[in-house]
Amino acid sequence: TRDGDRFIPGVVAAVLPEGRVELTLHVDAIWPVRSLDEVADALRGRVAGTADAAGLGNRLGPVAVAFHDMRAPEDQR
């Protein structure tokens, strides 16, 4: 996703018809430290908190999390 002159890797943003912004976060994860559902929920919570802090909470739409490269922790390889 581009934000002005910046490129934000791993984030796809789309404006929905009602003006809210839908996000998809593409992430790599070290797993099984926590369940992937817990990691996704934590990421959604941080995005929502950041949007609220910036005064944009009412513009945030759905936030999807897609896991791509899941690796075992270093000590378990």
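Under the side-chain contact (heavy atoms from CB on, under 4.5 Å) criterion, Val65 pairs with Leu25, Val27, Ala40, Leu43, Arg44, Phe67, not counting sequence neighbours. The salt bridge (charged side-chain N to carboxylate O under 4.0 Å, His left out) search around Arg20 returns Glu18, not counting sequence neighbours. Qualifying salt bridge (charged side-chain N to carboxylate O under 4.0 Å, His left out) partners for Asp28, counting only residues two or more places apart in sequence or in other chains: none.
Residue pairs satisfying the side chain to side chain donor-acceptor pair (under 3.5 Å) criterion with at least one member in residues 55-69, sequence neighbours excluded, are listed as follows: His26-His68, Asp69-Arg71.
Across Pro62 and Leu16, no two heavy atoms sit closer than the pair CD-CD1, 3.8 Å.
Rounding to the nearest 0.5 Å places CG of Leu56 at 9.0 Å from CG of Leu60.
Taking 4.5 Å as the limit, some side-chain heavy atom of Val47 sits within range of a side-chain heavy atom of Leu23.
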